[in-house]
Each structure stands twice: as structure tokens, then as C-alpha cells.
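Below is one structure; the comments refer to it alone.
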Protein chains: 2
Amino acid sequence: MNLKELSEKLGLSQTTVSRALNGYPEVSEATREKVQLLAKRHNYSPNTRAKGLATGRAHAIGHVIPTARRHEVVNPIFGDFIAGAGEVYAANNFDMVLSIVEGGDEEKVYRAFKTRGTVDGVILHGPRINDERIPLLQEIGLPFVVHGRASGVETDYSWLDVNNRRAFTRATEFLIDLGHRRIGLINGLEDMDFAHRRKIGYEDGLKARGLNIDPLIMRSDEMTESNGYTAAGEMLDSEAPPTAILVSSIITALGTRRAIEDRGLKMGRDVSVVTYDDSLSYLANGIDVPIFTATRSSVRDAGRQLSNLLLAKISDPSRPPDHILLEAELTVGQSTGPAPST
Amino acid sequence: MNLKELSEKLGLSQTTVSRALNGYPEVSEATREKVQLLAKRHNYSPNTRAKGLATGRAHAIGHVIPTARRHEVVNPIFGDFIAGAGEVYAANNFDMVLSIVEGGDEEKVYRAFKTRGTVDGVILHGPRINDERIPLLQEIGLPFVVHGRASGVETDYSWLDVNNRRAFTRATEFLIDLGHRRIGLINGLEDMDFAHRRKIGYEDGLKARGLNIDPLIMRSDEMTESNGYTAAGEMLDSEAPPTAILVSSIITALGTRRAIEDRGLKMGRDVSVVTYDDSLSYLANGIDVPIFTATRSSVRDAGRQLSNLLLAKISDPSRPPDHILLEAELTVGQSTGPAPST
DNA sequence: CTGCATATCCAAAGCGCTTTGGGAGCGAAG
DNA sequence: CTTCGCTCCCAAAGCGCTTTGGATATGCAG
């Protein structure tokens with residue numbers, strides 16, 4: 001069932017039917033109702049490609065998610081982010097097109113998105129320091145918003161980010177207040193902007209209290225469970241083990257916890273842990289009492305807000321760049337306690 | 001840069017340029033090269049919508065992923081599955097369109113996919129017992145393949161599944177061989193077909209050795225960390241706690257482990273755990289030595305195989321349904337040991 | 001009855017591609 | 001010198017929609 005058939009059945013022109021369905025005023029309410037009724041009955045909906053060709057808009061948003069270089073790790077937060085964005089797209093009748101790409105090959109995908117007209121805009125994931133994708137997208141002229149920010153990129157662009165620096169400063173101070181003096185950091189890959197900022201936040205916190213920064217208890221790697229285990233294990237086995245560890249992801253934190261307990265220690269008593277928590281739906285941080293003390297911000301909510309921003313930008317290209325900075329909340333759980341007396 | 005402009009620049013007709021680029025034999029190699037060269041230089045690629053309109057094919061595959069009813073849980077295996085499928089799509093120049101939908105609203109999405117011509121086919125995720133989506137898709141006439149199977153659905157369709165039943169029978173037997181006589185089950189939601197089959201497999205294993213089935217140590221719920229914690233905790237606190245637990249997901253197993261250790265018990269010594277492991281990239285089951293004894297099958301690989309199947313089916317609609325049954329491998333880790341002597 | 005808004009509808013062009021149905025041009029065969 | 005059969009190319013139709021630029025009808029004032 002297409003427009004032509006539908007209009008023939010109605011004895012109207014395609015023009016009128018199209019206008020009736022799209023809410024244009026040039027058609028009487030009586031005929032509009034007739035048209036809508038028959039359209040429902042035959043559950044007609046316009047062909048996406050034809051509509052797109054005619055209007056020049058794809059009514060789709062692209063997400064290109066890179067799998068990490070070297071390892072084939074898919075960042076688990078994408079699932080929840082995309083769930084949030086998906087709600088918004090569904091409500092606005094936009095499609096979401098996903099492109100999984102090995103880190104580095106993204107340029108091709110963005111260019112193809114533009115020249116083939118596959119999408120009207122993209123959400124940029126996982127910005128790195130000096131991320132080249134931002135100037136690229138600006139050059140290409142494809143509307144975009146960034147989930148995070150990119151230190152070192154000078155031009156203005158729309159982004160939504162969590163105040164990672166502040167979150168980690170607060171977490172560090174929280175641990176210091178508990179009496180901890182030797183605090184480890186298990187971070188994500190530090191060419192990722194979020195990890196870079198968290199590191200700075202952590203260092204800020206230490207410096208503000210006159211504690212020194214010790215690279216021996218600072219790690220940076222892909223945020224997997226086993227990397228958390230390895231990193232924490234090495235720290236704990238070292239000459240001067242930390243009494244507290246700051247971790248960048250709840251998944252890494254699970255590994256950290258495992259390393260602690262494998263050594264017969266108890267998390268929250270012998271070693272304190274504070275983690276960043278993206279509120280992943282299947283890894284909720286405890287039900288009643290949080291397992292981990294955590295700085296938390298919902299990535300799903302970020303998906304909702306950011307996709308709304310992009311849609312707004314697409315419908316009004318002259319809209320100036322937006323910047324949304326979310327503060328993470330610090331919730332106290334069972335994984336932290338006073339520093340053990342030496 | 002579009003076909004028209006390109007052909008004018010070349011002094012050729014659109015027909016010839018189109019044919020040159022699409023590899024038709026009616027054009028001489030000399031002109032083909034000229035055309036391809038200029039196309040590269042202006043990095044021309046045909047407009048997706050126009051091409052789609054002309055050919056009647058979308059060159060895109062749809063994935064509709066339901067968020068669980070009630071809870072807003074996004075199954076974490078989608079990330080890895082989609083990464084696998086994405087590789088295949090990229091290699092074949094297909095787009096992937098994702099639709100996140102609240103459980104139950106899927107029919108609308110499938111119908112829209114068909115009537116709007118958004119995609120050429122879909123991959124059906126998370127089949128349930130008597131899943132109504134399978135007859136629906138057959139009625140609609142949208143090519144599809146299923147990740148899993150649906151018990152109770154009589155018609156034939158293409159699927160790829162892990163032999164869940166056998167995997168859980170083997171796991172159960174493995175535990176029995178270790179001397180365990182009281183084995184708990186922490187399963188996914190049992191209207192999900194995979195969970196249903198795992199339960200049967202578990203029961204098969206018990207029955208074959210003359211052990212009785214005790215609903216008191218069988219749970220079924222969304223596979224989150226905290227549900228694993230709660231379920232395991234309740235079992236362990238009961239009158240007759242199990243000495244071993246069979247778990248349906250590595251995430252749930254993490255919760256199970258936490259429940260065990262919270263009670264001052266040691267996993268692998270006091271309580272054995274065998275889990276199903278989807279080989280999630282960020283939750284690898286240990287690096288050298290597996291943490292958990294597990295029945296494992298890579299969901300990423302499933303994504304690759306299944307998307308290939310769908311592409312084959314789309315390019316040859318007369319192809320009879322395929323059925324791929326993968327066997328999970330049982331790897332022994334540190335989470336199991338002989339039953340404690342009573 | 002005429003003239004002029006106003007309301008309602010329509011024919012046709014155009015979006016960028018593929019594909020059908022030829023049509024030159026040319027060497028070889030008759 | 002035809003004619004046939006290739007090879008190489010092209011004009012134009014068509015995919016299903018939106019939208020421009022009218023056309024027709026209706027109502028009301030003059």
C-alpha cells in the first residue's frame with residue numbers, strides 16, 4: 001500500500017492525501033479524517049526512502065562506536081546510553097543507525113554518513129584528548145554532539161559531560177577525610193578524555209592536602225574486570241600498598257574487590273574502594289545499601305539528554321552549541337571505612 | 001557531488017557511470033577506470049535513499065532489542081552480539097538500525113520496518129516460549145533469523161542457538177561427579193526460551209543420577225548482579241543450603257560470589273559455582289586461570305554467524321531455513337571443588 | 001449579476017539513483 | 001556493398017514521496 005494506491009482508493013490526489021496525513025492546513029478537516037481513517041485501516045506508512053529523497057532528510061541518527069584498538073572490547077556503557085537515546089528517537093520517529101568500527105577507521109564512516117546521506121547527525125562517543133573527529137565532523141558539515149569533551153580541541157561544539165574532575169577530587173577528599181594517606185588510582189585509558197580529567201581530579205585532591213602523587217599506585221588500562229584485578233593485585237602486593245583505591249568503573253571495581261578478597265583482606269575494612277558508577281541497569285550498585293561507595297551519574301539519562309540536544313540542533317541548525325555539565329553524586333556504601341591504624 | 005554532476009564532468013551519461021561503478025560488463029575497462037578514478041577523487045558515494053528507492057532494497061538490517069518489562073534492564077550481551085554482527089555488516093556495506101522498545105511494543109516496530117521499508121530483514125533477539133513474534137514476522141513477510149529458538153513454535157524458521165539444555169546437563173553432572181548432592185539453580189526469567197532449556201537440562205542432570213528436584217533452591221529472575229546476590233543469599237541462609245549453584249550468567253555469578261563471601265564462605269571450597277559465560281569482552285572470565293568454572297559460548301561469534309545467515313537469506317529468499325546448534329564448552333576454573341564432607 | 005477573497009483540491013516537477021530498451025559504430029562474414 | 005553481431009554507450013522511465021504553482025468552487029459584498 002503506497003500513496004498512489006491510497007489516493008486512488010480515496011478518489012483524491014496524492015497531494016491532498018500527503019497533506020492530510022502531514023497535517024497541512026490546506027485540507028478540510030472532513031477529508032483529513034477520511035484519509036486518516038483509511039490510512040489506519042490499511043496501516044499505511046510512507047516509505048522512508050522515498051520520503052527521505054523528497055525531503056532531503058534521513059530522519060535517522062548515527063552512532064559510531066569504536067571497539068578499542070588492540071583488544072576487542074566493547075564499552076559496556078553503550079548499551080545503557082543507547083537505551084536512553086533510543087527512547088527519545090522512538091518518541092520522535094527517528095531511526096538509530098549503529099556502526100561498529102575498529103578504532104581509527106571512523107573517518108570513513110563519518111564521511112560515508114555524509115555523502116550517502118544515511119543520517120542527519122551523529123553522536124560522538126568516547127572523545128579522546130585532541131580528538132581529531134571533532135574538527136573532522138565540523139569540516140564535513142555533519143551535525144553532531146559529543147558525549148564527553150575533548151581536552152585540547154579549541155573550537156566550540158555541543159557536548160554533555162559529567163564533571164569527572166570534580167567527582168574524583170571529591171572522592172579523593174572523602175578518602176583523605178577517612179584518614180587514608182596512600183590512595184591508589186585504577187583509571188581507564190588515559191588518552192580518553194574522561195580518564196584524563198579523572199586523573200587530574202585525583203591529583204588535585206591529593207595536592208590540596210599535601211599528599212604526594214605516586215605513579216607506583218596509578219594504573220591506566222581498558223576497564224575490564226580482569227584489568228581491575230591485576231592492577232589492584234599489583235598494588236596490594238607492592239612494598240607500600242595503598243589503603244584505599246579509586247576506581248574508574250564498577251566493572252573494574254569488581255575485579256578490584258576480587259583482588260582484595262583473594263588476599264584475605266576485607267573491602268571497606270582493610271582496603272577502601274571508591275568507584276565511578278554509570279548506573280548500568282544490570283550492575284546496579286546494590287539494592288538497598290550500595291555495595292560500593294561511588295560517584296554516580298546515569299549514562300542512560302545522558303543518552304536521553306544528549307539525543308534531545310542533537311534533535312534540537314538538527315531542526316534548528318543555527319542553534320548555538322550547548323554545553324551540559326552534570327555533577328556526579330557521591331553515595332556512601334560499604335566499600336569504604338576509616339584507614340586502618342598502622 | 002551526485003551522479004549527475006559526476007557524469008557531466010566525465011562527459012558520460014548517468015547510465016554509463018552508474019554501470020561503471022557497479023561493475024556491469026557493458027562498459028569498457030578504460031572508461032570504468034576513468035570513472036572510478038574521478039569518483040574517488042571527489043569521494044562520491046551514491047545516496048543511500050535514492051539507491052534504495054530505485055532498487056527497492058534498504059541495505060540495512062534491523063535489530064529490535066526489548067528492554068525487559070517492569071525493570072529497565074538492557075541485556076548486556078547485546079553489546080557483544082552487535083559488535084559481532086557489525087563486523088559482518090561493515091564488510092557487506094549494510095547499515096544496522098537499532099530500535100529499543102519496551103517489551104510488548106515490538107509488533108509496531110516490525111510492521112513499521114516492513115511498511116516503511118526501513119530494513120531488508122531483522123534479527124530476532126531473546127526469543128520466548130511460544131514467541132508470537134515469529135508467526136508475526138512470517139505473516140508480515142519480513143526476512144528474519146532468530147538468536148535462540150522458541151519452544152512451542154511449530155513453524156520452521158532460521159535460528160542459531162547454543163545447546164543450552166546439554167550445557168546445563170553437563171554442568172550438573174560435573175558437579176554431581178564432584179560429590180555434590182544439593183545443587184541450586186539461579187536462572188534467567190523462565191519465559192525466555194534459553195532459560196527454559198537450561199532448567200530442563202539441569203533437571204535432566206539431576207534425574208539421571210537419581211537426585212530430586214527441589215524448587216526451594218531454584219530461582220528465576222532478570223540476570224543482574226543484585227538478583228544473583230539475593231537469590232544465592234536466600235539459598236545459603238535456608239534450612240538446607242546447596243553445596244553448589246548453577247548460574248545462568250557471569251553477571252549473576254558475580255552476585256552469587258558476593259553472597260557466598262559475605263557469609264564468610266569461600267567459593268570453590270565451601271560452595272561450588274558453575275556459570276554460563278557469554279564471553280563478554282569486558283567481563284572475561286579470568287586471564288590465565290578461569291575464575292569460574294563455566295559453560296561458555298561466544299555471543300560475539302554468534303552475532304557474526306547469525307548476521308551472515310540473514311544476509312544469505314536476503315540475497316536468496318528461496319533459501320531453506322538454516323539451523324545452527326552450537327555446543328558450549330565446559331572449562332574448569334577455580335569456582336568448583338569437591339563437595340565439602342558433612 | 002459581477003468581482004474578489006477564501007477554501008479546497010490537483011497536475012506535474014523533482015529528489016538521485018537503477019534499469020529497460022534501444023542505437024551508434026565497427027570489424028568480419030557473405 | 002550489405003548484413004550480422006559485437007561492443008560501448010545513451011535517453012528516458014520509474015521508484016514513492018513532497019511541494020510548487022495553479023485551478024476550481026464557494027461565499028459574500030457591492
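Letters A, B, ... mirror the listed sequences (proteins, then strands); counts begin at 1. Side-chain atoms are counted along with the backbone in the values below, which use heavy atoms only and exclude waters and symmetry mates.
Counting heavy atoms from C-beta on, the side chains of A:Lys313 and A:Phe144 never come closer than 4.5 Å.
B:Asp191 has no carboxylate O lying under 4.0 Å from a charged side-chain N of B:Arg128, or vice versa, which leaves the two without a salt bridge. The pair B:Arg149-B:Asp193 fails the salt-bridge criterion, with no side-chain N (NZ, NE, NH1 or NH2) lying under 4.0 Å from an Asp/Glu carboxylate O. In this structure, B:Arg111 pairs ionically with B:Glu107, as a charged nitrogen and a carboxylate oxygen lie closer than 4.0 Å.
Axis orientation changes by 70° from one end of the helix from C:dC1-D:dG30 to C:dG30-D:dC1 to the other, with each end axis drawn from 5 pairs and the value rounded to 10°.
A donor-acceptor contact under 3.5 angstrom links the side chains of A:Thr115 and B:Ser45, judged on distance only. Residues A:Thr15 and A:Ser18 have side chains that never bring a donor and an acceptor to within less than 3.5 angstrom of each other.
Proximity of the aromatic rings of B:Tyr157 and B:His323 is defined here by a centroid distance below 6.0 angstrom, and this criterion is not met.
Regarding contacts with the backbone of C:dC9, a side-chain N or O of A:Ser28 is found under 4.0 angstrom from either OP1 or OP2.
Remark: P of C:dG23 and CD of B:Glu26 are 17 Å apart, rounded to the nearest angstrom. B:Leu6 has its CG atom 16 Å from the C1' atom of D:dC10, to the nearest Å.
Relative orientation of the B:His63 and B:Tyr89 rings is perpendicular, given thresholds of 30° and 60° on the angle between their planes.
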(message) Does the protein touch nucleotides 11-19 of chain C at the base, only the backbone, or not at all? Give it as B, S and - per nucleotide, heavy atoms under 4.0 Å.
(response) BB-BBBBBB
